[in-house]
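Letters A, B, ... are given to chains in the order of the sequence lines, protein chains preceding strands, and every chain is numbered from 1. Reckoned from all heavy atoms, side chains included, excluding hydrogens, waters and symmetry mates.
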Protein chains: 2
Amino acid sequence: MSTDTTPEPAEQPHDAPPARELPAAVQRLWGAAAPRRRGPKPALSAAQIVGAAIDLADAEGLAAVSMARIAEAVGYTPMALYRHVSGKEELLVMMSDAVAADLPDIPADGGWRAGLEAWTRAQIALGLARPWMLELPLSAAPPGPNRVRWIDQAFGVLRPLDLPPDEKLAIIGLLAQHVLGEARVQIESHRAAVQQVRREAGLPDGTPESELDPAAVEAANPYADFETVLSRYADATTYPNLFEAFATWPETAPPTPPDDDIAFGITAVLDGVEAYLRRRGAIPDEGS
Amino acid sequence: MSTDTTPEPAEQPHDAPPARELPAAVQRLWGAAAPRRRGPKPALSAAQIVGAAIDLADAEGLAAVSMARIAEAVGYTPMALYRHVSGKEELLVMMSDAVAADLPDIPADGGWRAGLEAWTRAQIALGLARPWMLELPLSAAPPGPNRVRWIDQAFGVLRPLDLPPDEKLAIIGLLAQHVLGEARVQIESHRAAVQQVRREAGLPDGTPESELDPAAVEAANPYADFETVLSRYADATTYPNLFEAFATWPETAPPTPPDDDIAFGITAVLDGVEAYLRRRGAIPDEGS
DNA sequence: ACTAAAACGCGTAGGCCATAAACAGTAACC
DNA sequence: GGTTACTGTTTATGGCCTACGCGTTTTAGT
């Protein structure tokens, strides 16, 4: 009735199409909550919680991220967190998006190929810097603002190309997939190398990497276990092709620096994208 | 001091090269245990345990795989499992390898490209059939017999190519990475579609997919949430490229059947591999 | 100014989970 | 027959997430 400050229930800045009901988690992700407040101003905030959780994950891995540990880190009791975060699942989603804020800006004027390579490399670097990101449970949650911003940058790189947007999205998706796989493999081989160094030094499995000799880790052969297993248990009749291929490969292969591995994958995938673009006529044919 | 029954530490059946000490988990994986036995013959076996665990994961997801549930399934107490498996981590590794036994045989006479495509597709299909495989924690564990067999098949496909084995391994690794990413993306969008159908039908989040209409899931748009979020919260100033790209894309894009998505990625990656092989001179140049 | 509602942070408690340690029974070896 | 190794079990510990209900604090509305 009152004409001033009517507390209309619907609060839609733009008239959203079908007014689909979004999960509360998504609304919080996009900072769309806080319509009105009456109680005491919160001493704790979701950002603080997420920040503490990220610090914890950086320092001790995702397994160390428990509500109790986070609460301890921010100086509250575990249950206090639930006023700002609906549960652990939502917290993990928020962590994932918060980390994406660290991604750099990609220059859009260097051509599509250089741009996509930079975009991909930045994401791989992020995954290597925070290995716990790849351990996050698969979730059907829609991306948050930072991640969307990152997708937007990819569209900026692809902007000069004459290609329908869904095909651009497919290309971006392909690169994103490659990122996931590449980072995972890199991390796994690093972990294997660390583990090998630990065993050789006779240290317990839980020894933090910081106490290990970085040079030894660098020099460790991540395939050591694999080779030992093969030479001990496997025979040429069950794995004929493998044995034939490696018969002429006794002491070769000093482990190539990891940068080369990354370049190999990126080059191959981008070559594939280039072939696709040529086929679609989105780039000139460059025939010699 | 004592000369009798010296507890010799070394017990090596064959004289293995550097006598590296492998983790017990690996030895069990390769079935190299059981040197002597004196007690009662075991009623339970590791294979039984792994089988029950896989059944459980297939039916209710990896989260349902707890030692207690497995024990219940095989009819023993939880602690009985520890006589056959060192812990849950080892169990997961064994599950991962056991599943790889279901992979088909790849015909090696259809050319490298067709062979690699079949190899990749089979692995993606496996991941889609058992989504929990992708939730397995990253592990530095060396592969088991079945997985090595699978790698051997890839080497069989690549056998005619004149390429050093480490480069072949890099190619295989690239495809394996792609598999991981592709399966993960497919599963995520499927999960999003399921979740959307659940919400539209007003069912609780935990409703099993079996109670949902498969046609509705098939028809659901996995980007629905994404689009709603964008249209409601995002504006053209923060995401300029995204908005420009999709400005001309109002109601297009009936979700393409998932097979096409898979084909897009595989084609691109194999095109990249082909470009690499050509560059290396491993296949004829085929220039028109 | 007074009241009532709303939001805050906290304590308790319950139900999971993995697994360490000590125990009793069994079958092969010497 | 005694020893010994191996089996499955019982009991117990410490961790985890979170449902529920409590006092307290602040603001909106009268």
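- Partners of B/Ser189 under the side chain to side chain donor-acceptor pair (under 3.5 Å) rule, at least two apart in sequence or in another chain, do not exist in this structure.
- In this structure, B/Lys88 atom NZ and C/dC17 atom P are separated by 8 Å, rounded to whole Å.
- In the model, A/Ser86 has no side-chain atom that pairs as donor or acceptor with a side-chain atom of A/Arg28 under 3.5 Å.
- For B/Pro145, the side chain to side chain contact (heavy atoms under 4.5 Å, CB included) partners are A/Tyr239, B/Leu29, B/Trp30, B/Asp97, not counting sequence neighbours.
- Under the side chain to side chain donor-acceptor pair (under 3.5 Å) criterion, B/Thr238 pairs with B/Asp235, sequence neighbours left out.
- With sequence neighbours excluded, the residues that form a salt bridge (Lys or Arg N to Asp or Glu O under 4.0 Å) with B/Glu60 are B/Arg69.
- Comparing the end axes of the helix from C/dA1-D/dT30 to C/dC30-D/dG1, each fitted to five base pairs by superposing C1' atoms of four pairs onto the next four, gives an inter-axis angle of 0° (nearest 10 degrees).
- Of the residues in residues 47-77 of chain B, those with a non-hydrogen atom less than 4.0 angstrom from any atom of DNA chain D are B/Tyr76, B/Thr77.
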When you compare the protein's N or O atoms with those of nucleotides 20-26 of chain C, which come within less than 3.5 Å of each other, and at what distance?
none

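- For B/Arg130, the salt bridge (Lys or Arg N to Asp or Glu O under 4.0 Å) criterion is met by B/Asp58, B/Asp102, not counting sequence neighbours.
- Applying the salt bridge (Lys or Arg N to Asp or Glu O under 4.0 Å) rule to A/Asp152 yields the partners A/Arg149; only residues at least two apart in sequence or on another chain are considered.
- Going from atom CG of B/Leu92 over to atom C1' of C/dA18 covers 12 Å, rounded to whole Å.
- For B/Asp213, the salt bridge (Lys or Arg N to Asp or Glu O under 4.0 Å) criterion is met by no residue, not counting sequence neighbours.
- Contact check, B/His84 against D/dG8: a side-chain N or O comes under 4.0 Å of OP1 or OP2.
- Exactly one of B/Gln196, B/Arg191, B/Arg198 qualifies for a side-chain contact (heavy atoms from CB on, under 4.5 Å) with B/Val194. That residue is B/Arg198.
- Applying the side chain to side chain donor-acceptor pair (under 3.5 Å) rule to A/Ser45 yields no partners; only residues at least two apart in sequence or on another chain are considered.
- Residues meeting the side chain to side chain donor-acceptor pair (under 3.5 Å) test with A/Gln48, sequence neighbours left out: none.
- Residue B/Leu44 is the one, among B/Leu44 and A/Lys41, whose nearest nucleotide of DNA chain D lies closer to the 5' end (criterion: closest heavy atom).
- Listed candidates were C/dC8, D/dT18, C/dT19. Nearest to the side chain of A/Pro42 is C/dC8.
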